[in-house]
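For ligands, and for the atoms within them, numbers begin at 1 and follow the listed sequence. Values in this document were obtained by computation on a predicted structure and should not be read as measured data.
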Amino acid sequence: MKISRKIRLSYSAFLILSLTLLAAARSKAQTAEVFRLDGGNSTYALGVNEHGELQPLYWGGRLGPHDTVPAARSFPEKASFDSPYTTTPEEYAGWGAGLFTEPALKITFADGNRDLVLHFVRATQNSPEAVGLLLKDISREIYVTLRYSIDPDTGILARSADIENREKQPVVIEQAAAAQWTLPPARYTLSYLTGRWAGEWTLNQEPILGGARVIESRRGTTGHQANPWFAISRDSGSLATGPFAAGEENGEVWFGALAWSGSWRITVEHTQLDTVRVTGGFNPFDFGYKLKPGEHLETPVFYGGYSDHGLGGASRLLHHFEIAHILPEAPDPKPRPVIYNSWEATEFRVDEAGQMALAEKAASIGVDRFVMDDGWFGQRKDDHAGLGDWYVNQEKFPHGLKPLIDKVHSLGMDFGLWVEPEMVNPNSDLYRKHPDWVLNFPGRPRSESRNQLVLNLARPDVRDYVEGFLDKLLTENDIAFLKWDYNRNWSEPGWDQVPVEEQKRVYVEFIRNLYSILADLRKKHPRIEIESCSGGGGRVDLGILRYTDEVWTSDNTDPFDRLSMQDGFTYAYTPQIMMAWVTDSPHWLNNKRVTSLAYRMLSAMQGSLGIGANLNQWTAEDFAAAKRLIAAYHSVQRTIVRGDLYRLISPREGSEFSATETVAADKNQAVVFAFANATQEGRGFPLLQLHGLDPNAEYKLSWIAGQASPGTPDTASGAWWMHHGLELDLRGDFQPAAFRLDRSR
Ligand code: DGJ
């Protein structure tokens with residue numbers, strides 16, 4: 001058929017018109033498209049603007065069920081220096097089109113193109129509790145699925161991204177965030193945790209000013225130096241009075257925690273629009289993940305939540321969430337057994353007779369689990385040799401581990417064992433046989449730390465070796481618990497068995513293999529419990545906590561230092577997982593600081609209790625005191641580790657006093673710990689006004705250690721304990737007290 005030119009013209013006009021109408025209809029539909037998640041006390045909403053850009057619309061206190069949020073819209077260029085792509089808030093920004101703020105995703109394509117602009121395609125899931133949104137680059141076949149789910153109880157969101165390459169060529173992902181969080185324009189204070197070996201869990205607080213604050217690890221692991229957690233409190237006050245950050249128990253707080261045990265980065269950015277954006281995920285430093293056609297890269301999960309009860313409310317939400325959704329035994333992990341561990345008493349000098357003698361003493365004070373630490377395997381006499389050779393040292397244990405394990409069982413305890421599976425000493429049979437198994441760049445030096453190298457767990461053969469020896473160890477021995485240690489960070493992270501352009505995948509594959517070994521072991525040995533230890537608290541994050549039941553908080557067991565460390569720890573993590581040992585006094589770390597056994601016990605009883613002292617040197621009084629306090633701990637442990645934690649008085653910044661309170665979920669019991677650390681000028685303990693009790697119930701007071709000031713009632717209403725409060729006669733150096741309140745009516 002011949003179509004005249006006129007008709008052809010009007011046909012094209014018709015086509016253009018219908019396409020325009022279609023586009024208009026589509027953009028109208030998109031503009032109206034709002035995705036909303038409600039849970040606990042919070043609401044999260046996002047939507048698509050007229051250009052197809054996905055935008056954050058709201059994150060904060062829970063909105064009414066019929067409330068709407070203003071639709072997404074694009075922001076015009078304000079000046080030639082502010083491109084609309086920078087001024088328009090993006091939910092997950094690709095690096096391209098003049099983006100000057102932190103990108104979520106940055107890609108180099110095979111042809112050299114590095115421009116990436118993600119637009120909304122469609123929802124892949126849209127329910128009240130979970131949303132999946134598919135984005136795609138405006139011209140290339142790069143697809144990103146953003147996943148959201150919200151916990152109906154705490155309102156904590158889980159966000160992650162799945163990046164898929166449907167191009168015909170591979171691409172290199174240079175930066176991939178799990179999520180970007182956007183807060184409304186306001187003044188804020190940032191809280192974050194930093195530290196070092198034997199000095200983890202320092203809470204830092206600072207105003208969020210222009211520019212960006214980066215919290216990160218480039219170490220191949222979570223790290224002692226910073227922890228992947230943040231909290232952002234909204235300041236009140238005015239320019240005249242100065243800003244007041246939200247407090248411990250009041251004000252709005254947005255918080256988040258990244259579930260990743262490899263190199264990570266969280267960037268907190270105060271944008272030119274005065275919003276605050278938090279971007280977190282794989283650390284882009286030295287990152288370069290080659291994604292072949294058809295492959296996906298799944299980011300870690302970035303959890304985020306909102307509280308209008310200050311930092312205390314934020315941490316209580318996180319604690320409940322970790323217990324209910326993260327830990328391997330969620331939603332009801334059992335309180336941790338009270339352990340004994342001889343590391344500080346014997347170090348590497350473990351042998352059958354010595355461990356049996358300690359086990360007898362540990363059992364006599366009510367310990368539930370006996371753990372043998374480093375030194376039982378290979379040629380391990382000190383830290384120069386043996387790592388990698390996971391056979392029992394015949395000189396120390398001539399009949400294998402069985403006699404010791406049987407003895408421990410006969411004493412009514414279960415048995416735990418220390419391992420450091422990802423490491424090798426060059427002085428070991430394993431290294432002599434497989435020198436190529438370690439992270440290294442061939443022909444370059446291999447930097448040792450603590451005389452050890454890191455096995456490249458990204459390699460399938462290394463992964464299988466590690467899982468294999470652990471499986472064998474657990475199959476052949478009745479082991480209830482592994483203390484899984486990791487005593488150095490990465491250096492020279494080369495992986496020369498794969499093509500050059502794939503070698504940087506080590507940052508992802510290593511951690512995935514670690515997780516998969518842990519998952520497999522738990523599947524094959526369902527009763528096994530595992531502690532994540534990395535020279536103390538160097539590997540604590542919501543990623544490893546999916547596979548491990550507890551963590552070693554720090555190698556620093558000084559009971560006074562521990563008060564601040566435990567305080568910092570609980571901003572992000574539940575006391576359920578916070579292992580705290582009672583060790584010897586004078587303590588080795590702070591020029592032999594001397595503290596009483598009661599002070600050491602009460603400091604450790606704020607978390608999951610362990611004993612790490614040299615029991616061979618204890619007196620009869622020590623045994624009697626420890627036995628009484630372990631029994632007292634057992635009777636209130638569930639409240640301490642599972643209840644609502646209130647940090648009543650912070651031990652930070654040289655405070656003379658500190659106090660914590662935990663209240664059971666049913667409000668039937670509260671447990672309070674109080675410490676006078678180095679009082680001055682005879683100052684008395686601040687009035688202790690409790691929190692979280694039922695004001696109308698009656699509570700009976702009983703002392704675990706210490707005594708009441710004259711006039712304190714034995715029994716009073718919740719209102720009395722919360723409003724009138726109680727006086728403690730606690731003064732001097734390192735003085736402890738603890739009491740419980742039990743509902744009597
Ligand atoms: C570091 C751990 O944190 C310690 O508790 C102890 O297990 C040593 N490693 C053993 O080498």
Any Lys/Arg nitrogen of Arg638 or Asp332 sitting under 4.0 Å from an Asp/Glu carboxylate oxygen of the other? yes
Between the side chains of Lys361 and Asp622, is the shortest nitrogen-to-carboxylate-oxygen separation below 4.0 Å, so that they form an ion pair? no
Glu344 and Trp588: side chain donor to acceptor below 3.5 Å: yes
List the residues meeting salt bridge (charged side-chain N to carboxylate O under 4.0 Å, His left out) with Asp471, not counting sequence neighbours, and say none if there are none. Lys524
Near ligand 1, which residues have a heavy atom under 4.0 Å away from one of its atoms? Trp343, Asp373, Asp374, Trp418, Arg450, Lys483, Asp485, Asn487, Cys533, Gly535, Gly536, Trp552, Asp555
Between the main-chain N or O of Ala659 and the side-chain N or O of Arg647, is there a donor-acceptor pair closer than 3.5 Å? no
For the residue pair Tyr507 and Phe287, does the interplanar ring angle fall in the parallel (under 30°), tilted (30 to 60°) or perpendicular (over 60°) class? tilted
